[in-house]
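All remarks here apply to the structure that follows.
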There are 2 protein chains.
Amino acid sequence: MLDDMGLSIGQVAERTGLSVHALRFYEKEGILARQVQRGPGGRRVYTQQDIDWLRMCIMLRMSGMPVPEIRRYTELVRQGDGNELQRLDILKEHQERVQQQMVQLQECMDLITYKVGKYQDYVNSIAAKAVGQ
Amino acid sequence: MLDDMGLSIGQVAERTGLSVHALRFYEKEGILARQVQRGPGGRRVYTQQDIDWLRMCIMLRMSGMPVPEIRRYTELVRQGDGNELQRLDILKEHQERVQQQMVQLQECMDLITYKVGKYQDYVNSIAAKAVGQ
DNA sequence: GCTTGACCTAGAGTCGGCTCTACTTCGTAG
DNA sequence: CTACGAAGTAGAGCCGACTCTAGGTCAAGC
């Protein structure tokens with residue numbers, strides 16, 4: 001174990017649900033807001049801030065933002081103040097896509113629910129017949 | 001052009017938004033409810049029913065059902081009456097997954113909306129300052 | 001002093017879902 | 001008759017996002 005501010009890659013994996021492989025992959029892909037510190041033996045030492053950032057990245061990924069776009073966003077954040085408008089653009093664009101995704105998903109859900117209803121009725125009617133015999 | 005009940009693969013591609021490649025791929029994967037008919041020269045001839053089925057498959061795919069599971073469902077339908085309970089199970093399970101997906105997506109949306117709001121405020125405040133100068 | 005386990009790197013492999021290539025066969029238009 | 005376009009087949013290739021392998025370092029415990 002490391003001191004209370006420093007977490008090993010294994011601990012971060014536990015806390016975020018990502019695999020250690022994925023964590024190294026994300027770092028290589030440049031989607032960590034700050035350079036990960038290294039401890040003795042070249043081991044990665046993560047902070048709570050890294051975890052917070054990762055959790056946001058996980059949200060972005062879950063909602064379908066591709067890794068390269070997360071990288072672009074990360075780079076803006078790394079560059080510091082002055083590019084908030086660009087960050088906002090990326091987020092708004094993604095928001096739009098997520099919105100569309102949700103609409104689509106709802107349409108699918110409606111169809112599935114309709115079919116489930118139909119099959120349920122049918123199955124029930126068969127069961128009723130069997131009982132009524 | 002074929003007579004009014006028969007559609008070529010190109011026409012089906014247009015009508016469904018799938019590529020002709022995807023249509024052949026779907027057929028090879030066994031996710032067409034009925035064997036596609038063949039016309040002169042071995043060309044595929046689709047019916048309106050095929051299109052309807054494809055549209056449903058598209059919905060299932062869009063909502064994340066993997067091809068092998070669509071195939072399982074398709075096989076049940078092809079087998080005909082008597083397995084409605086199994087079909088219902090597949091649909092219900094998928095419904096559950098879609099439901100979870102929607103919840104997750106909503107969570108992501110909430111975070112994104114929160115961030116967009118924050119950045120918007122910030123950007124507005126900068127703009128206001130610039131005007132006020 | 002040897003094993004174990006968590007970590008390191010570089011790079012190869014996997015998986016799903018198409019997408020594309022190469023080559024052939026038609027039917028129609030010029 | 002030649003060319004074109006749309007179709008056919010079999011199978012290779014691609015892309016994204018991991019995931020895993022091989023081979024190595026190092027500290028702690030037996």
Side-chain angles (χ1 to χ4, degrees), chain A residues 1-3 6-32 35-47 50 54-74 94 97 101 104 108, chain B residues 1-3 6-32 35-47 50 54-74 94 97 101 104 108:
Chain A
M1 311 283 161
L2 305 153
D3 58 49
L7 296 160
S8 72
I9 196 168
Q11 290 173 316
V12 174
E14 260 176 40
R15 265 154 239 228
T16 58
L18 295 167
S19 70
V20 297
H21 298 299
L23 282 167
R24 291 196 276 245
F25 171 73
Y26 279 11
E27 183 180 339
K28 207 162 43 180
E29 290 293 305
I31 66 179
L32 282 169
Q35 187 73 356
V36 188
Q37 301 305 305
R38 296 304 178 115
R43 295 180 173 209
R44 289 170 180 83
V45 178
Y46 294 83
T47 65
D50 293 322
L54 280 167
R55 285 206 224 276
M56 195 196 49
C57 292
I58 290 168
M59 287 297 221
L60 295 177
R61 278 290 309 120
M62 269 186 8
S63 53
M65 186 183 282
V67 168
E69 193 165 351
I70 302 184
R71 174 165 49 230
R72 280 203 296 131
Y73 183 70
T74 303
H94 185 57
R97 283 194 306 258
Q101 253 192 90
Q104 279 193 343
C108 299
Chain B
M1 312 283 159
L2 304 153
D3 58 49
L7 296 160
S8 71
I9 196 168
Q11 291 173 316
V12 175
E14 259 175 40
R15 265 154 239 228
T16 57
L18 295 168
S19 68
V20 296
H21 297 300
L23 282 167
R24 292 196 274 246
F25 170 74
Y26 278 11
E27 183 180 339
K28 207 162 45 180
E29 289 294 306
I31 66 180
L32 282 169
Q35 186 75 357
V36 189
Q37 301 306 305
R38 296 302 179 117
R43 296 183 172 207
R44 289 170 180 83
V45 178
Y46 294 84
T47 65
D50 292 322
L54 279 167
R55 285 205 223 277
M56 196 195 49
C57 291
I58 290 168
M59 288 296 222
L60 295 177
R61 279 291 307 119
M62 269 187 6
S63 53
M65 186 184 281
V67 168
E69 193 166 350
I70 301 183
R71 173 165 50 230
R72 279 204 295 131
Y73 183 69
T74 303
H94 184 57
R97 282 193 307 256
Q101 254 191 88
Q104 278 193 342
C108 299

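Throughout, protein chains are lettered first and strands after them, A, B, ... in sequence-line order, and every chain is numbered starting at 1.
Within 4.0 Å (heavy atoms only), Gly41(A) reaches no atom of the nucleic acid at all.
Counting only distance, with no hydrogens or angles, the side chain of Arg44(A) and the backbone of Gln37(A) share no donor-acceptor pair below 3.5 Å. For the pair Gln11(A) (side chain) and Ser8(A) (backbone), a donor-acceptor distance under 3.5 Å is present. Between the Arg97(B) side chain and the Gln101(B) main chain, no donor and acceptor come within less than 3.5 Å of each other.
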Show me the protein contacts with nucleotides 13-20 of chain D, counting only N or O atoms at under 3.5 Å.
from	atom 1	to	atom 2	distance (Å)
dA17(D)	OP1	Arg61(A)	NH1	3.3
dA17(D)	OP2	Val67(A)	N	3.3
dC18(D)	OP2	Tyr26(A)	OH	2.9
dC18(D)	OP2	Arg61(A)	NE	2.9

Pairs under 3.5 angstrom, nitrogen or oxygen only, protein versus nucleotides 2-6 of chain D, please.
from	atom 1	to	atom 2	distance (Å)
dA6(D)	N3	Arg43(B)	NH2	3.1

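The CG atom of Asp50(B) sits 9.0 Å away from atom CD of Glu27(B), with the distance rounded to the nearest 0.5 Å. Separating the CZ atom in Arg55(B) from the CG atom in Leu60(B) is a distance of 14.5 Å, to the nearest 0.5 Å. To the nearest 0.5 Å, atom CG of residue Leu54(A) and atom CE of residue Met56(A) are 9.5 Å apart.
In terms of phosphate contacts, Arg24(B) brings a side-chain nitrogen or oxygen within less than 4.0 Å of OP1 or OP2 of dG8(D). Phosphate proximity of dG8(D) to Arg44(B): present, with a side-chain N or O under 4.0 Å from OP1 or OP2.
The interatomic distance linking Leu23(B) (CG) with dC20(C) (P) rounds to 14 Å, in whole Å. Summarising the geometry, the separation between CZ on Arg38(B) and P on dT25(C) is reported as 16 Å, rounded to the nearest angstrom. When the P atom of dC18(C) is taken as reference, atom CE of Met62(B) falls 12 Å away, rounded to whole Å. In this entry the distance linking CD of Glu29(B) with P of dT19(C) reads 14 Å, nearest Å.
Pairing each heavy atom of Ser63(A) with each of Cys108(B), the nearest pair is CB-CB, 3.7 Å.
Ion pairing between a basic and an acidic side chain is recognised when a charged N comes within 4.0 Å of a carboxylate O; Glu29(B) and Arg61(B) show no such pairing.
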